[in-house]
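Values reported hereafter were calculated over all heavy atoms of this structure, with side chains retained and with hydrogens, waters and symmetry mates removed.
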Amino acid sequence: DPKEKWSDGVPVTTYYNIITGTKQLEKTATSEDYSFDLNEEGQVTIEAWSVSYSGVSSDKASKTVYVDTDKPDLYITESSADDSGKLIINFKAQDAVSGINTAKVLVNGENHRRSYVG
């Protein structure tokens with residue numbers, strides 16, 4: 001609608017180009033606040049540009065983000081205690097998309113010092 005005014009008072013149409021590992025999708029926004037669903041994980045690049053009703057295009061703005069909705073995998077690979085009572089727990093934590101931020105070891109509900117090898 002040419003009468004629609006955006007934040008600066010000038011009516012524009014905004015276009016989004018969404019690039020994932022396997023596809024490229026172009027969307028047209030109807031307002032400055034626009035959301036869309038992505039059905040893929042991994043690196044996603046979003047480009048946006050506006051075109052005024054007089055046909056003048058803005059420069060493209062772009063942002064690369066990582067979509068990760070799956071939880072990390074965690075495996076206890078080995079555990080043992082030595083004669084002095086020192087407990088050794090070997091585990092592997094992995095996340096194929098965004099990596100591991102934090103890994104905690106709780107023994108009987110208490111946090112313990114640990115050495116983490118990714």
Closest heavy-atom contact between V51 and S57? CG2-OG, 3.5 Å
Could you check Q94 against Y75 for side chain to side chain contact (heavy atoms under 4.5 Å, CB included), going step by step and ending with a plain yes or no? CA-CA 9 Å; Q94 61 188 20; Y75 307 97; 4.0 Å; yes
Considering all heavy atoms of both residues, which atom of D70 and which atom of D95 are nearest to each other, and what is their separation? O-OD2, 3.6 Å
Just wondering, are more than 12 heavy atoms of other shown residues or ligands nearer than 6.0 Å to CG in D82? yes
Check each of N90, I89, I88 against S80 using the side chain to side chain contact (heavy atoms under 4.5 Å, CB included) test, and report the only one that passes. I88
Quick one about S58 and S50 (side-chain donor to acceptor, distance below 3.5 Å, no hydrogens or angles considered), yes or no? no
Taking every heavy atom of Q43 against every heavy atom of T64, the minimum-distance pair comes out as CG-CG2, 3.5 Å
Are the side chains of L74 and K92 in contact, using a 4.5 Å heavy-atom criterion? no
